[in-house]
Number of protein chains: 2
Amino acid sequence: MAKTAVVNINIVTGDPRPIFRQIVEGLRMEIACGNLPVGAKLPSVRGLAMQLTINANTVAKAYSELTTQGLLEARQGLGLFVAQPKQRLNQDEQEKQLGSAIEKFVNDIAYLDFDKKDLLNRIEESISKLSHKRDED
Amino acid sequence: MAKTAVVNINIVTGDPRPIFRQIVEGLRMEIACGNLPVGAKLPSVRGLAMQLTINANTVAKAYSELTTQGLLEARQGLGLFVAQPKQRLNQDEQEKQLGSAIEKFVNDIAYLDFDKKDLLNRIEESISKLSHKRDED
DNA sequence: AAACTGTACTATGTGTAGTAGTACAGTAAA
DNA sequence: TTTACTGTACTACTACACATAGTACAGTTT
């Protein structure tokens, strides 16, 4: 049987995001960075709940959303696995989400002091950590 | 008496953000882009509520948060005005917020298709619309 | 059969968001 | 002085989101 991957996420008290969303976003990044490759087996609902000291239903909710997003694949009685990535959004929806993300980001940083070049470098660096972005020009 | 500025924001049904937050973020951008210059007089709590067809207490809540953030200055009996910008965060807190914003942004775009150079250009372009970022190198 | 796994449900409590309504204090204009 | 604007603050209510606790069922492997 496949060995359970180590999931390196934690819940930050005081983070304005709900707990289940911190899990969702934490796992999205772990998968996007290649720390959880396709086929990796995630901790069980009850296992991750104990690890994070939260309720199992909260973990189940996060896992359910990731499954709906196509990042995970659930097999009842067996566990949850990182799914083979597939294109799920059409071009228009992609463009819309990209635009929203840029707008939200600029809103967040609008009142901060920073050097523009430095900022763009940091963004480029963070993007380069995404595993499927590493091989691009 | 100062003329009330026209505020070009609207509430998007279906937007996951609470209504008061859409107002906060909309006004932050209007101010940051120079559409609402220092000293501009905003619509009254009751006026904006009517304009947006929402409750006046919801507007008051948004205005209150913007006042706390230092972007607006309230004068009881007179109205609300765009405040003189002032540095409010220390360097550490700035860096922390910048890091969080980048992290959140990369999480949002991690599964989208985009050309890296194009993305960085679009971010640079959006930043250039911020009025206090126009004169920078 | 036991022990793991996911899935789904009810029930409860807490906190947030928004509305509706009301009232008070400050200011300017008539 | 009155009127009409302004911001500020409060109570009360409803609805929803979030998280927990508990329970039970079905699938799979050992």
Side-chain angles (χ1 to χ4, degrees), chain A residues 1-5 7 9-27 39-83, chain B residues 1-5 7 9-27 39-83:
Chain A
M1 181 56 67
K3 187 174 208 145
T4 299
V7 155
I9 66 172
N10 44 53
I11 301 305
V12 177
T13 307
D15 192 309
R17 294 172 297 168
I19 294 175
F20 82 93
R21 185 142 305 285
Q22 291 183 55
I23 300 171
V24 167
E25 292 181 6
L27 287 173
K41 183 176 185 295
L42 270 73
S44 71
V45 164
R46 292 168 182 83
L48 189 60
M50 288 182 61
Q51 176 186 327
L52 301 178
T53 320
I54 64 176
N55 194 267
N57 288 325
T58 303
V59 175
K61 178 168 174 167
Y63 276 173
S64 176
E65 177 157 331
L66 287 159
T67 305
T68 300
Q69 286 179 18
L71 300 188
L72 297 185
E73 191 179 318
R75 291 182 181 139
Q76 183 162 337
L78 281 167
L80 280 116
F81 303 84
V82 177
Chain B
M1 184 55 67
K3 188 173 204 143
T4 298
V7 156
I9 66 172
N10 45 53
I11 302 305
V12 177
T13 306
D15 193 308
R17 295 172 297 171
I19 294 176
F20 84 93
R21 186 141 305 285
Q22 293 183 53
I23 300 170
V24 167
E25 292 181 5
L27 288 174
K41 184 177 185 293
L42 269 73
S44 72
V45 165
R46 291 169 182 84
L48 189 62
M50 286 180 61
Q51 176 185 326
L52 301 177
T53 319
I54 64 177
N55 193 268
N57 289 326
T58 304
V59 175
K61 178 168 173 167
Y63 277 174
S64 177
E65 176 157 331
L66 287 159
T67 304
T68 299
Q69 286 179 17
L71 300 187
L72 297 186
E73 191 178 320
R75 288 183 184 142
Q76 184 163 339
L78 282 165
L80 278 118
F81 302 83
V82 177

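In what follows, chains carry the letters A, B, and so on, assigned in the order in which the sequence lines appear, proteins first and then strands, with residues in each chain numbered from 1. Everything numeric here is computed off the predicted structure, so don't read it as measured data.
- Looking only at side-chain heavy atoms (C-beta outward), B:K3 and B:K41 stay at 4.5 Å or farther from each other.
- The distance from atom CD of A:E65 to atom P of D:dA17 is 13 Å, rounded to the nearest whole Å.
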Task: Residue pair B:L48, B:I54: steps toward the side chain to side chain contact (heavy atoms under 4.5 Å, CB included) verdict - done: CA-CA 8 Å; B:L48 189 62; B:I54 64 177; over 6 Å; no
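- Following rounding to the nearest Å, A:L78 (CG) and D:dA26 (C1') show an atom-to-atom distance of 12 Å.
- Listed pair A:T58 / D:dT20 meets the phosphate criterion, a side-chain N or O lying under 4.0 Å from OP1 or OP2.
- No side-chain heavy atom of A:T53 sits less than 4.5 Å from a side-chain heavy atom of A:I11.
- Evaluation of the side-chain contact (heavy atoms from CB on, under 4.5 Å) rule for A:A49 yields A:A56, A:V59 as partners, not counting sequence neighbours.
- Between the CD atom of B:E73 and the P atom of D:dT6 there is a distance of 18 Å, given to the nearest Å.
- Going from atom CG of A:N55 over to atom P of C:dC9 covers 16 Å, rounded to whole Å.
- Taking B:N57 as the reference, B:N55 meet the side-chain contact (heavy atoms from CB on, under 4.5 Å) condition, with sequence neighbours excluded.
- The CG atom of A:D15 sits 15 Å away from the C1' atom of D:dA19 (whole-angstrom rounding).
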Strictly under 3.5 Å: I want the nitrogen or oxygen pairs between protein and nucleotides 8-15 of chain D, one per line.
from, atom 1, to, atom 2, distance (Å)
D:dC10, N4, B:N57, OD1, 3.3

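- Judged by closest nucleotide on DNA chain D, B:G79 is the one of B:G79 and A:R17 placed further toward the 5' end.
- With a 4.5 Å cut-off on side-chain heavy atoms, A:I9 and A:L27 count as touching.
- Taken to the nearest 0.5 Å, the CG atom of B:L66 stands 8.5 Å off from the CG atom of B:L42.
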Write out a two-atom table: protein N or O, nucleotide N or O from nucleotides 11-16 of chain C, distance below 3.5 Å.
none

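- Applying the salt bridge (Lys or Arg N to Asp or Glu O under 4.0 Å) test to pairs two or more places apart or on separate chains, those with a residue in residues 54-69 of chain A are A:R21-A:E65.
- Distance CG (B:L48) to P (D:dT6): 12 Å, rounded to an integer number of Å.
- Between the CD1 atom of B:I19 and the P atom of C:dA17 there is a distance of 11 Å, rounded to whole Å.
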Distances under 3.5 Å between protein N/O atoms and the N/O atoms of nucleotides 3-5 of chain D, please, pair by pair.
none

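- The backbone N or O of B:V24 sits nowhere less than 3.5 Å from a side-chain atom of B:Q69 that would complete a donor-acceptor pair.
- Nearest heavy-atom pair, A:P43 versus A:Y63, reported as atom, atom and distance to 0.1 Å: O-OH, 2.7 Å.
- Atom CD1 of A:I11 and atom C1' of D:dA19 are 12 Å apart (whole Å).
- In this structure, the separation between CD on B:Q22 and CG on B:L52 is 9.5 Å, given to the nearest 0.5 Å.
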